[in-house]
Each structure stands twice: as C-alpha cells, then as structure tokens.
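The figures here come from the full heavy-atom set of this structure, side chains too, leaving out hydrogens, waters and symmetry mates.
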Amino acid sequence: MPNQRQYFRGWKHVSKSKQTARSAFSRLDAADRKLLALLSEDATRSYAELGQLMHLSPPAIHERAKRLRQDGVIKGTVALLDGKKLGRPLLAFVHVDTKNWTSTRRILEFRAFNEVEEIHTVTGESAILLKVRTQDTQSLEALLGKIHEIEGVSSTHSHIALSTYLERGPSPLMDGDDAD
C-alpha cells in the first residue's frame, strides 16, 4: 500500500492504520461512547447541550469530539435523506456476480450511478452487494442494465425491501454501558 508505514510486533505484521484503529478503540472510555451515541442520534446538538446531557463542560465535550475526529472514530457528519421525499422510494439490494477477482476489483465503477448508496464486497454466492434506491421497478431495471454493461459482471440478483424497520450505523455502546 503506497505511503503506508508498516510496523512489526514480534512475529506479527501490523499496519499503521490498523494500529491507529486499535489504539483509538482502546482509548474510548464510557464517556466517549456516550458522546458518540448522542451524536449518532442527532449530530446537530451543540457542545453546551451535549455537556448538559453528559454532565461535562462544553469545552470538555469539544476536546473529546475533536480527539474522536482526529483518531478517525468520527469519520464525518452527514444529513440523512429521505428516499421517498427525494423521489426514490424503492430500496433494493443487488447481489452482483463477477467473472473473476480482477473484475470484482472494478467495483468503484458503481460509484458513477447516483442510485447506488453502498458498495460492499462479500462472501457467499455473489462477490459484490449494492444498496440502491430508485424511483420504481422500471428505474431499477434500467440500473441493472447499466450494471450489466460493466465489463466482468456476469449476473445480478435483486432483493426489493418491502419495509425498513431499522437503519443505523454501528453502535458505540458496549454491553454494560449506560445509554442514558
């Protein structure tokens, strides 16, 4: 990997990015996890409001949030958009089969399609899993046609979501943490 310093611990090879991720995780205390839980619920809360909820001063909250950003625990702040209100009420998961591993590595071409929300390489019967939102089944069919035009794609299998009961990111809370 270019520009990535590597370290060795005993017999085990550990990259700097993995070391950073481990050290950031090991530095998370219960207050950090509670702050992350509150921010994941509503990232627009002020440091003053977060401080009141956590019984800490706003500057202490600011410093914690700053450290969590620097450590890469907080990767960004985004607005969660409503697919229905944007004219894309149909949510589908598309399993993409490829001819070989080289074809699978071309997955970034899927970023060109605005309907694609997530791209994952997966184990199992398919190589790639896409989360997509379209206007209707005809739009999904058109998207599948564009996917099949990508060199190396051999087939797709789609699953349309009828209802969504939970959509969220990873929980920062560990067993035994107080969410209140």
Side-chain angles (χ1 to χ4, degrees), residues 17 21 24-25 28 32-50 52-54 61 65 68-69 71-175 177-180:
S17 61
F25 177 75
L28 290 179
D32 288 335
R33 289 190 297 272
K34 184 173 181 179
L35 174 59
L36 291 167
L38 290 169
L39 288 172
S40 69
E41 290 171 5
D42 182 359
T44 64
R45 288 181 167 138
S46 68
Y47 292 138
E49 181 182 352
L50 291 165
Q52 287 176 345
L53 292 168
M54 293 185 59
I61 296 294
L68 292 167
R69 282 187 189 87
D71 288 348
V73 177
I74 298 175
K75 294 176 11 177
T77 306
V78 299
L80 297 175
L81 306 178
D82 186 320
K84 290 178 186 175
K85 292 181 180 176
L86 293 172
R88 291 192 180 149
L90 186 81
L91 172 63
F93 297 90
V94 179
H95 296 259
V96 181
D97 296 322
T98 59
K99 293 178 183 170
N100 54 45
W101 177 246
T102 305
S103 300
T104 301
R105 297 184 75 180
R106 299 180 62 149
I107 62 173
L108 293 182
E109 291 184 34
F110 295 120
R111 292 186 312 177
F113 307 131
N114 290 328
E115 300 91 345
V116 175
E117 293 184 1
E118 296 177 14
I119 305 170
H120 306 274
T121 55
V122 294
T123 62
E125 294 183 22
S126 59
I128 300 168
L129 176 65
L130 305 176
K131 178 181 175 183
V132 303
R133 267 185 220 277
T134 64
Q135 185 176 12
D136 50 30
T137 55
Q138 292 80 17
S139 300
L140 177 59
E141 185 176 18
L143 174 63
L144 294 173
K146 290 189 274 185
I147 289 171
H148 277 276
E149 290 174 3
I150 294 176
E151 185 180 338
V153 171
S154 58
S155 67
T156 59
H157 308 280
S158 303
H159 301 273
I160 295 174
L162 300 176
S163 298
T164 300
Y165 295 99
L166 177 66
E167 254 184 330
R168 66 176 175 206
S171 174
L173 300 177
M174 303 296 278
D175 289 340
D177 283 346
D178 183 16
D180 296 328

Would you give the length of the straight line joining atom [atom1] of [X] to atom [atom2] of [Y], rounded to the nearest 0.5 angstrom?
{"X": "Ser158", "Y": "Leu90", "atom1": "OG", "atom2": "CG", "result": "9.5 Å"}
{"X": "Leu53", "Y": "Glu41", "atom1": "CG", "atom2": "CD", "result": "9.0 Å"}
{"X": "Met54", "Y": "Tyr47", "atom1": "CE", "atom2": "OH", "result": "12.5 Å"}
{"X": "Phe110", "Y": "Ile150", "atom1": "CZ", "atom2": "CD1", "result": "4.0 Å"}
{"X": "His95", "Y": "His157", "atom1": "NE2", "atom2": "NE2", "result": "8.5 Å"}
{"X": "Leu28", "Y": "Lys34", "atom1": "CG", "atom2": "NZ", "result": "15.5 Å"}

Could you check whether any side-chain heavy atom of [X] comes within less than 4.5 Å of a side-chain heavy atom of [Y], counting everything from C-beta outward?
{"X": "Leu39", "Y": "Leu50", "answer": "yes"}
{"X": "Arg133", "Y": "Glu117", "answer": "yes"}
{"X": "Leu140", "Y": "Ile160", "answer": "yes"}
{"X": "Leu80", "Y": "Glu167", "answer": "no"}

Is the backbone N or O of Val73 less than 3.5 Å from a side-chain atom of Asp71, with the two atoms forming a donor-acceptor pair by type?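 No; judged by distance alone, with no hydrogens or angles, the pair does not exist.
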Would you find a donor on one side and an acceptor on the other, under 3.5 Å apart, between the side chain of Thr164 and the backbone of Leu166?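 Between the backbone of Leu166 and the side chain of Thr164 there is no qualifying donor-acceptor contact (under 3.5 Å).
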Which atom of [X] lies closest to which atom of [Y], heavy atoms considered:
{"X": "Val94", "Y": "Thr156", "result": "CG1-CB, 4.0 Å"}
{"X": "Leu38", "Y": "Arg45", "result": "O-NH1, 3.0 Å"}
{"X": "Lys84", "Y": "Pro89", "result": "CG-CB, 3.8 Å"}
{"X": "Leu35", "Y": "Ala65", "result": "CD2-N, 4.0 Å"}
{"X": "Arg33", "Y": "Leu173", "result": "O-CD2, 3.8 Å"}
{"X": "Pro172", "Y": "Ala37", "result": "CG-N, 3.4 Å"}

Could you verify whether a donor N or O on one side chain and an acceptor N or O on the other, from Asp97 and Ser154, lie under 3.5 Å apart?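 No donor-acceptor contact under 3.5 Å links the two side chains.
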A quick test of your reading: do over 12 heavy atoms of other residues, nucleotides or ligands sit less than 6.0 Å from CD of Glu151?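 At most 12 heavy atoms, drawn from other residues, nucleotides or ligands, come within 6.0 Å of this atom.
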